[in-house]
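Worksheet: the structure to be examined is printed underneath.
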Amino acid sequence: MLNTATAAVAAPPVTAAKRLMLSVNNIEVVYNDVILVLRGLSLEVPEGEIVALLGANGAGKSTTLKAISGLLKTEDGEVTRGDITFNGERINGIDPDQIVRKGIFQVMEGRRIIADMTCLENLRLGAYTRRDNGVKDDLDMVFSYFPRLKERTGLAGYLSGGEQQMLAIGRAMMARPKLILMDEPSMGLSPLMVKEVFSIVQQINRDLGVTILLVEQNARMALQAATRGYIMENGKVVLDGTAEELRNNEDVKEFYLGGGNEERKSFKNLKSFKRRKRWI
Amino acid sequence: MTLFLQLLVNGVIVGALYGVVAMSFVLIYKASRIVNFAQGEFLLIGAWTCWWLLTSWHLPFWIGFPITLVFMLVFGVILQVVVLRPMIGEPIISVIMVTIGLSIVFQAAMKWMFGVFAKPFPPIFASPTTNLFGLEVQTVYVVSLGISILIMAGFGWFFKYSRTGLAMRATAFDQQVAQSLGISVRRMFAMSWAISAMVSAVAGVTVGVVNGVSSALSIFGIKVFPAVILGGLDSVIGAVLGGLIVGVLENVAQYVDSQWLNWGNMYEIAPFYVLIAILMIKPYGLFGTKDIERV
């Protein structure tokens, strides 16, 4: 039972061979000057990997992503302590539109596509910050990933949930970012669609070399797709390690993956479950 | 019958001008949800600026007019940055109140600087009227119709195909999403005010050339409301059609009034009656967007 605490302290160092792309160092986030949401959160994203950020509702996962992308500003939130470094450059406090230009693109929770525009217009907006001539080719590339989007010529608001998610991912691809922050891509999708979305996430990571920081409720799928994982609770990281380690961790199994030890089925053990519901 | 046709043509031409002003009104509304009560004063300021350049500096029209447009662009940006940017994040109703305040201030400032009497533009075209299919029409109106159509086409292209136009629509739809795409919302706001002020000035100068420049010009700012609401507050095409309808209605109402009713002033109120009738049937206006809701 103590293994969680030890794992949290002795986090395996990121392999030296991979360059660190993003590092979040002990940040504290406050909303409306009073509500403390993140209390000293740290995490690292090595270049070229998929890193999963897991945790219960209200743990502060989305807040973490918004702190990185700068969108916190639009919700009256602020990083009051610690710093966020992207490719060696400190980026906290910068306006969100400037952060996009630096190569970080957030796919927000709930898709957030522009409903009264067509698919094509949504995708072209993804490339808003780009000035190069590759936009046309990238449009074809996105359509080759999502052929269904090419057939939909009407307003994006009328797409199905899955199609909207694909559009949101495609829009991120159009920006040619170095790092994509993905907030709950599986939200509200059928199991089959969830599978498809995750395979696309892996494909993008592999084909385009985009680093991905993935926030998910669906821990099982996320840990299958990711290379590393962090588990958050109450605004802090409580456990981290490679995806493999997390998949095999007893506590993760019990809290997030379901099942766990067969013996914990009686009422007595349920009590122990309740007692152990907090990590630290 | 010729009188009727004459009024119809006049209606279309004036309506196109209404449409242009309505479009610039919609531009601000679309980008920032602000109902701009100072739209009429943009016409006024544009017209006075052009008049001043032409009469005090004796510049030819083809130099004075572009300078006016550039001035209005800068004016729009400054207005947004100085007065409206600090209001970002405040309730929309407060911002709307500020635009009412602006309209009063501009109105007074223009009276103070240029006086209360209408002043005519120096003659610009060789012959003041032209013959259009057998009808006598003011030359400046014909030119203005051309310019109106150009501006409308320009707006259509801008919102459909240009990068900035798309970004403005995105900003109108959801500011947070726009920022997540790398769009600077503040720049979009400034741009929408600048373009709106400039386009309004085109209409202001045109009307000024025909009727002379006076505070009465800002009536256009009020006339724009039936046009815009008819078309649906957030539709550019709607604004154009709304403008045309209001323009034609005014003139037809005047014709009906002068021929049979003799009530006087039908011309002023007819558009508003039709506005009410249309809104009863189509509450979103003719082209207003209903929110798409997936159930």
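Residue numbers begin at 1 in each chain, while the letters A, B, ... track the order of the sequences.
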task: Check whether any side-chain N or O of A:N122 sits under 3.5 Å from a backbone N or O of A:T118 as a donor-acceptor pair, and report yes or no.
output: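 Looks like yes, one N/O pair under 3.5 Å.
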message: Using a 3.5 Å distance criterion without hydrogens, assess whether the side chain of B:R169 forms a donor-acceptor pair with backbone atoms of B:F159.
response: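 Such a contact is found between B:R169 side chain and B:F159 backbone.
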message: Which one wins on heavy-atom pair count under 4.5 Å against chain B: A:R171, A:Q106, A:K66, A:M117?
response: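 Between A:R171, A:Q106, A:K66, A:M117, the count favours A:M117.
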field: Residue B:I237 excluded, over 12 heavy atoms near CD1 under 6.0 Å
entry: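 Counting other residues, nucleotides and ligands, CD1 of B:I237 stays at 12 neighbours or fewer.
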Residues in residues 87-103 of chain A that sit under 4.5 Å from chain B, counting heavy atoms only: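 Within residues 87-103 of chain A, the residues under 4.5 Å from chain B are A:D95, A:P96, A:D97, A:V100, A:R101.
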query: Stepwise, does the side chain to side chain donor-acceptor pair (under 3.5 Å) test hold for A:E44 with A:Y230?
result: CA-CA 9 Å; A:E44 291 180 335; A:Y230 286 85; 4.9 Å; no
Segment of A:Y128 engaging chain B (4.5 angstrom heavy-atom cut-off): both
field: Pair B:T49-B:T68, side-chain donor/acceptor within less than 3.5 Å
entry: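 There is no such pair (donor and acceptor under 3.5 Å, judged by atom type) between the side chains of B:T49 and B:T68.
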- prompt: Is there a donor in the side chain of B:Q179 and an acceptor in the side chain of A:T74, or the other way round, less than 3.5 Å apart?
  reply: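 B:Q179 vs A:T74: no donor-acceptor pair found between side chains.
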field: Set of residues satisfying side chain to side chain contact (heavy atoms under 4.5 Å, CB included) with respect to A:V135, sequence neighbours excluded
entry: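 In terms of side chain to side chain contact (heavy atoms under 4.5 Å, CB included), with neighbours along the sequence ignored, A:V135 is linked to A:A127, A:R130, A:M174.
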